[in-house]
Amino acid sequence: MISLTFPDESQREFQPGISGREIAEGISKSLAKKAVAVALDGRLADLSEPITGDAKIEIVTRDDDRALEMIRHDAAHVMAEAVQELYPGTQVTIGPVIENGFYYDFHRNEPFTPEDLPKIEAKMREIIQRDAPFTKEVWSRDQAKAYFRDQGENFKVELIDAIPDGEDVKIYRQGDWLDLCRGPHMPSTGKIGPAFKLMKVAGAYWRGDSNNQMLSRIYGTAWTNEKDLKAYLHLLEEAEKRDHRRLGREMDLFHFQEEGPGVVFWHAKGWQLFQSLVSYMRRRLEDDYDEVNAPQILNKELWEISGHWEWYRENMFQVESAGDDAEDKRIFALKPMNCPGHVQIFKHGLKSYRDLPLRLAEFGVVHRYEPSGAMHGLMRVRGFTQDDAHVFCTENQLADECMKINDLILTTYADFGFDEIVVKLSTRPEKRVGSDESWDHAEEVMTEVLERIAAQSDGRIKTGINPGEGAFYGPKFEYTLRDAIGREWQCGTTQVDFNLPERFGAFYIDSDGEKKYPVMVHRAICGSMERFLGILIENHAGHFPLWLAPKQVVVTTITSDADDYAREVYQRARAAGLRAELDLRNEKINYKVREHSLAKVPVILVCGKREAEEHTVNIRRLGSKDQTALPLAEALEVLGEEAVPPDQRVDRKLAAE
RNA sequence: GCCGGUUUAGCUCAGCUGGUAGAGCAACUGAUUUGUAAUCAGUAGGUCGGGGGUUCGAAUCCCUCAACCGGCACCA
C-alpha cells in the first residue's frame with residue numbers, strides 16, 4: 001500500500017498504481033469532473049498517471065493557476081494538429097508555453113501569413129469540440145525515431161536524439177494525431193475551452209540559432225475563461241496607447257525619418273525632457289565625478305587596441321575624409337563606446353595612487369550600427385547618449401566603488417519611481433580577453449559585492465546570476481527595473497575591467513614608486529538616455545510628474561476680457577520658474593482644455609472674468625475633471641514646490657545635512 | 001541580418017477583380033467672446049515610399065531598393 005497526504009494533511013492508503021482520476025472519483029463526482037491533473041509532491045502529472053509511491057497529493061482543477069499552463073500547452077498541441085490537418089506536409093518542431101500564451105514552430109516551404117490564422121483558429125475550435133482524450137504512451141527511442149522519420153518529421157527525430165539516455169520517449173495522442181512531448185496534459189482537448197486566440201505569425205530560428213534555418217512560428221494566447229482573455233486583450237490595447245513612439249508623435253517630442261534610420265530628431269519639447277534628465281543626472285554626479293568629453297571620432301588603431309575593432313567591427317561606423325584627392329586617408333571610427341577616450345584622458349599626465357579613485361563621467365554620444373531588424377523607436381537606436389563613467393581605482397577600492405555606484409543607481413531609480421529592482425551578475429562569456437586568473441578574481445570580488453547589495457537592501461533588491469553574459473573585457477552587474485505595467489527593463493550596469501588599462505598601457509605610480517595598472521569600472525545608470533526616456537514615457541503613459549513635464553503649465557482664458565490678467569499670470573508663472581505657455585486663442589474653453597489635455601500638459605490655469613477680479617486662478621489637472629480655485633500667489637507656490645526635482649526637495653537637502 | 005506584414009494629404013485611414021485619388025481630424029481664411037475634453041462655414045493640400053518592368057492604361061500586377069511594424073537572432 002502507498003500513503004498519500006492530502007492538502008488538509010489527512011493521509012490515506014491506496015493500492016500502488018491507482019490514478020489521480022480514481023482518487024478524485026473516490027472523493028466526489030464533481031471533483032472528478034473538474035479535475036485536470038494531479039500534483040504529486042508539487043509536481044504536475046497526468047490524471048491517468050499510476051501513482052506508485054508515497055507522496056503529497058493535490059487534485060488540480062481547471063481553475064487552478066497551475067492548470068493555466070496546461071491549457072496553454074494543450075492549446076499548442078491542438079494548434080499543431082490543426083495546422084497539420086489544414087496544411088499537409090508541414091513539419092512540427094516545438095511548441096512551448098510562454099508568458100500569457102504559447103507558440104508552436106513549424107517548418108513549411110510556404111510560411112504562414114496572418115490570413116491563415118482565422119482558418120487555423122476555426123480548426124482548433126473544431127478539434128477542441130471533438131474533445132478527444134489525451135493519452136500517453138512510452139515508446140522506445142528507435143521506435144519513435146523510425147516513426148517520425150517515416151512521417152518526414154526530421155525535426156522531431158533531432159529532438160529525440162537530444163533526449164538524455166535514461167529518459168523515456170513519451171508520446172501523447174489526441175484522437176488521430178500524436179506528438180513527442182514530456183507532458184503532462186489535461187484529460188482531453190475539450191478542457192482547453194474557448195478562451196484562446198491566435199495572435200501573430202513570426203519567423204524563428206530552429207533551436208534559436210541564426211545559423212539554422214528559419215521556421216514559421218505562430219503565437220497564441222489562452223486563458224481559463226473568456227473574461228481573462230478579454231482582460232488580456234484590453235491590457236494589450238492599453239499598452240499600445242502608451243507606446244512611446246505614438247506618444248512621441250502625439251506630444252511632439254521627437255521623430256525619425258528615412259534618411260536617418262535609428263537616429264533621433266528631438267523636437268523642442270522632447271529635448272526639454274532630455275535636458276531635464278541630463279540635468280538631474282549631472283546634479284547626482286557633482287560630488288564624486290569629473291565630467292569630461294572625449295572625441296566623436298578616433299583613429300581605428302585605438303579601437304584595435306581596445307579590442308572593439310576585432311569583436312564589434314561589423315557594428316561600427318567607419319569614417320574617413322570624403323575628398324577624392326585627400327592625402328589623409330586614415331580610417332576613423334565613430335565612437336561606439338566612451339572607454340578608450342576616457343583611458344586617453346587618464347593617461348594624459350602621470351597619475352599617482354593619490355589620484356585614485358578617479359571617476360570620469362561623460363554624457364557620451366555613441367553610434368553603433370545595429371542590425372536593421374533590431375531597431376525599435378527610442379528603445380534601440382543607432383545613435384544614443386550614454387550616462388557613462390569610468391572609475392579608475394585600486395583593487396582595494398574596487399568593492400567600495402561598486403557599492404557607491406550601487407547606491408547611486410538605486411537612489412536614481414527611486415527618484416523616478418522605480419522601486420522593484422533586480423541586480424544580476426553576468427559572468428565570463430566564451431569570447432573574451434584576459435587571463436582566467438583575472439576573471440576568477442574579478443568574479444570573486446563581484447560575487448561578494450552582490451551579497452553585500454542583497455544584504456544592504458533588506459531583501460528588497462533581488463539578485464541573481466547570468467552565466468556567460470559578461471562583457472568581453474570583464475564581468476558585470478546588470479540592473480533591471482520594473483515599470484508601471486510590470487515590464488522589466490535592463491538599464492544600469494557596472495562592469496569590472498582588469499584588461500583595458502593594461503591593453504592601453506594606462507598606469508599609475510603606487511606608494512612604493514612602482515607602476516601599476518588600475519582597475520577600471522565602466523558604469524551607466526540610465527544606460528541610454530534615449531531609451532530611458534522611452535521607458536519613462538511609457539511608464540507614465542506620457543503623463544509626467546511636474547518636474548519632468550516639458551510643458552508644465554498652460555495659462556488660458558475663457559474670453560478675451562481676461563487676456564491682460566492671463567498675461568500677468570503667465571509672466572508670474574515664468575518668473576516662478578515654471579515652463580509655461582500662454583493660450584489666448586479665441587476658442588471655447590472646452591476646445592482648449594481638450595487640446596492641452598491631449599498634449600498631456602499636466603496643469604491648465606484657466607483665467608476668466610471671475611479670476612481676474614479675484615486675482616485667483618482655476619487649476620485643472622491632467623486626468624481630472626475637478627478644478628481648484630486658488631489665489632494666484634498661492635497657486636504658483638504650490639506648483640513651484642511640486643516642480644522641484646526630487647533630488648532638490650527641501651526635506652531631502654535637510655536630511656542630507 | 002532572417003521570416004512575415006505595411007508604406008495613399010501633417011495625423012488616422014477608405015480606394016472591389018488595373019480605367020490617372022477620397023473621408024475625418026489638423027492647417028489656412030472668415031464668423032463666433034465662449035466657464036473646463038471637439039462652435040460653424042469656406043479654402044487649400046497628394047509625382048499614392050524610391051527606381052525599374054508588364055500594359056493602350058498601374059495606387060492596384062511583377063521585380064528591386066529603402067524605411068517602418070511584429071517576431072527571431074544580435075545588443076561592447
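Sequence lines set the chain letters: A, B, ... in the order given, protein chains first and strands last, and positions in each chain run from 1.
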Asks: When you get a sec, tell me which of B:rA67, B:rC75, B:rA37 is the closest nucleotide to the side chain of A:Arg594?
Replies: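 Within the option list, the nearest is B:rA37.
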
Asks: Counting side-chain heavy atoms from C-beta on, which of B:rC72, B:rA73, B:rG4 comes nearest to A:Arg217?
Replies: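 Of B:rC72, B:rA73, B:rG4, B:rC72 is nearest to the side chain of A:Arg217.
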
Asks: The side chain of A:Ser210 is closest to which nucleotide in this list: B:rA73, B:rC72, B:rG1?
Replies: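 The listed nucleotide nearest to A:Ser210's side chain is B:rA73.
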
Asks: Starting at the 5' end of RNA chain B, which residue's closest nucleotide do you reach first, A:Gln627 or A:Glu478?
Replies: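 Checking each residue's closest nucleotide, the 5'-ward one belongs to A:Gln627.
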
Asks: Both distances under 3.5 Å, Watson-Crick or G-U wobble: report the partner of B:rA21, or none.
Replies: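 Its partner: none found.
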
Asks: Give a yes-or-no answer on whether the side chains of A:Gln552 and A:Glu581 include a donor-acceptor pair shorter than 3.5 Å.
Replies: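 Checked: A:Gln552/A:Glu581 side chains show no N/O donor-acceptor pair below 3.5 Å.
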
Asks: Would one find a side-chain N or O of A:His255 under 4.0 angstrom from OP1 or OP2 of B:rG10?
Replies: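 For A:His255, the contact criterion (side-chain N or O under 4.0 Å from OP1 or OP2 of B:rG10) is not met.
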
Asks: Could you tell me whether a side-chain N or O of A:His244 sits under 3.5 Å from a main-chain N or O of A:Leu378, the two making a donor and an acceptor?
Replies: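 Yes.
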
Asks: Write down the distance separating the P atoms in B:rG1 and B:rU64, rounded off to the nearest Å.
Replies: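 Approximately 15 Å lies between the P atom of B:rG1 and that of B:rU64.
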
Asks: Considering only side-chain heavy atoms of A:Asn590, which listed nucleotide, B:rC68, B:rA37, B:rG35, is closest?
Replies: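 The closest nucleotide is B:rA37.
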
Asks: Tell me whether the side-chain N/O atoms of A:Arg531 come closer than 4.0 Å to OP1 or OP2 in B:rC75.
Replies: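 Checking B:rC75 against A:Arg531, no side-chain N or O comes under 4.0 Å of OP1 or OP2.
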
Asks: What interatomic distance, in whole Å, is found between C1' of B:rU20 and the corresponding atom of B:rG24?
Replies: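 Those two atoms are separated by 25 Å.
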
Asks: A:Lys625 side chain N/O closer than 4.0 Å to the phosphate oxygens (OP1, OP2) of B:rU36?
Replies: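 False: A:Lys625 side-chain N/O out of range (4.0 Å or more) of B:rU36 OP1/OP2.
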
Asks: Have A:Trp206 and A:Asp105 got a donor and an acceptor in their side chains that come within less than 3.5 Å?
Replies: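 Not at all, the side chains of A:Trp206 and A:Asp105 share no donor-acceptor pair under 3.5 Å.
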
Asks: If I pick the P atom on B:rC63 and the same atom on B:rC69, what distance separates them, to the nearest angstrom?
Replies: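 Rounded to whole Å, the distance is 24 Å.
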
Asks: With distance as the sole criterion, is a donor-acceptor pair present between the side chains of A:Tyr473 and A:Gln495 under 3.5 Å?
Replies: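 Judged by distance alone, the side chains do pair up.
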
Asks: So which nucleotide from B:rG1, B:rU39, B:rC11 ends up closest to the side chain of A:Tyr591?
Replies: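 Nearest nucleotide to the side chain: B:rU39.
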
Asks: May I ask you to say what A:Arg620 touches in the nucleic acid, namely base, sugar-phosphate or nothing, with a heavy-atom cut-off under 4.0 Å?
Replies: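 Base contact.
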
Asks: Touch check for A:Gly307, heavy atoms < 4.0 angstrom, all strands: base, sugar-phosphate only, or nothing?
Replies: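 No contact.
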
Asks: Cationic tip of A:Arg108 within the cone over A:Phe112's six-membered ring, i.e. under 6.0 Å and within 45° of the normal?
Replies: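 That pair qualifies as a cation-pi contact.
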
Asks: Can you establish whether the number of heavy atoms outside A:Glu158 located under 6.0 Å from its atom CD is more than 12?
Replies: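 Yes, because the 6.0 Å sphere around CD of A:Glu158 holds more than 12 heavy atoms from other groups.
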
Asks: Closest approach to the side chain of A:Met375, judged atom by atom: which nucleotide of B:rG1, B:rC68, B:rA37 is it?
Replies: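 Per side-chain heavy atoms of A:Met375, the pick is B:rC68.
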
Asks: Which is true for A:Pro114 with a 4.0 Å heavy-atom rule: it touches a base, it touches only sugar-phosphate, or it touches nothing?
Replies: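 Contact class for A:Pro114: sugar-phosphate only.
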
Asks: With a 3.5 Å limit on both atom pairs, tell me what B:rG57 is paired to, counting Watson-Crick and G-U wobble, or say none.
Replies: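 Base-paired to nothing in any strand shown.
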
Asks: When the P atoms of B:rC16 and B:rC74 are considered, how many whole Å apart are they?
Replies: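 Per the computed distance, 42 Å lies between those P atoms.
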
Asks: If we take the P atom in both B:rU60 and B:rG49, what is their distance in whole Å?
Replies: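 Here B:rU60 and B:rG49 have their P atoms 8 Å from each other.
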
Asks: Classify the side chain of A:Glu611 versus the base of B:rG35 as yes if they form a donor-acceptor pair under 3.5 Å and no if they do not.
Replies: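 Answer yes: a donor N or O sits under 3.5 Å from an acceptor.
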
Asks: From the set B:rG5, B:rA37, B:rG71, return the single nucleotide nearest to any side-chain atom of A:Leu598.
Replies: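 In terms of side-chain proximity for A:Leu598, the closest of B:rG5, B:rA37, B:rG71 is B:rA37.
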
Asks: For the P atoms, the ones on B:rG50 and on B:rA67, what distance do you get once it is rounded to whole angstrom?
Replies: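 Between the two P atoms, the distance is 15 Å.
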
Asks: Counting only side-chain N and O atoms of A:Arg245, is one of them less than 4.0 Å from OP1 or OP2 of B:rG70?
Replies: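 Yes, such a contact exists.
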
Asks: Determine which nucleotide pairs with B:rA37, using a 3.5 Å limit on both distances of a Watson-Crick or G-U wobble pair.
Replies: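 Its partner: none found.
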
Asks: Less than 5.5 Å between centroids and less than 30° between ring planes, does A:Tyr312 satisfy that with B:rA76?
Replies: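 One would call A:Tyr312 stacked on the B:rA76 base.
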
Asks: Measuring to OP1 and OP2 of B:rA76, would you say a side-chain N or O of A:Lys476 lies under 4.0 angstrom away?
Replies: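 Yes, because at least one side-chain N or O of A:Lys476 sits under 4.0 Å from OP1 or OP2 of B:rA76.
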
Asks: When you compare B:rC11 with B:rG18, how far apart are their C1' atoms, in angstrom units rounded to a whole number?
Replies: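 One C1' to the other, the span is 29 Å.
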
Asks: Roughly how many Å apart are B:rA44 and B:rU7, using the P atom of each and rounding to a whole number?
Replies: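 B:rU7 and B:rA44 have their P atoms separated by 28 Å.
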
Asks: Ignoring hydrogens and geometry beyond distance, is the side chain of A:Tyr205 in donor-acceptor contact with the base of B:rG71 at under 3.5 Å?
Replies: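 Answer no: no donor N or O sits under 3.5 Å from an acceptor.
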
Asks: Out of B:rC72, B:rG4, B:rA37, which has the shortest distance to the side chain of A:Ser597?
Replies: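 Selected nucleotide: B:rA37.
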
Asks: Out of B:rA37, B:rG70, B:rC72, which nucleotide sits closest to the side chain of A:Ala202?
Replies: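 My answer, after comparing the listed nucleotides, is B:rG70.
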
Asks: In whole Å, I'd like the distance from the NE2 atom of A:His107 to the C1' atom of B:rC2.
Replies: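 That distance rounds to 15 Å.
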
Asks: May I ask you to say what A:Lys609 touches in the nucleic acid, namely base, sugar-phosphate or nothing, with a heavy-atom cut-off under 4.0 Å?
Replies: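 Base contact.
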
Asks: Which of these nucleotides, B:rG35, B:rU33, B:rG71, is closest to any side-chain atom of A:Ser560?
Replies: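 That would be B:rU33.
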
Asks: Before giving the answer on salt bridge (charged side-chain N to carboxylate O under 4.0 Å, His left out), spell out for A:Glu121 and A:Lys119 the whole-Å C-alpha distance, their side-chain angles and the decisive distance to 0.1 Å.
Replies: CA-CA 5 Å; A:Glu121 203 176 296; A:Lys119 274 179 276 180; over 6 Å; no

Asks: For B:rG42, what is the paired nucleotide under Watson-Crick or G-U wobble rules, both distances under 3.5 Å?
Replies: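 Partner of B:rG42: B:rC28.
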
Asks: Searching all strands shown, indicate the nucleotide that pairs with B:rC72 (Watson-Crick or G-U wobble; both distances under 3.5 Å).
Replies: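 Matched B:rC72 with B:rG1 under the 3.5 Å cut-off.
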
Asks: Any donor-acceptor pair, under 3.5 Å, between the side chain of A:Asn618 and the base of B:rU36, if you only look at N and O atoms?
Replies: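 Result: at least one qualifying N/O pair found.
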
Asks: Just wondering, more than 12 heavy atoms not from A:Glu110 lying within 6.0 Å of its CD?
Replies: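 It does not: A:Glu110 CD has 12 such atoms or fewer within range.
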
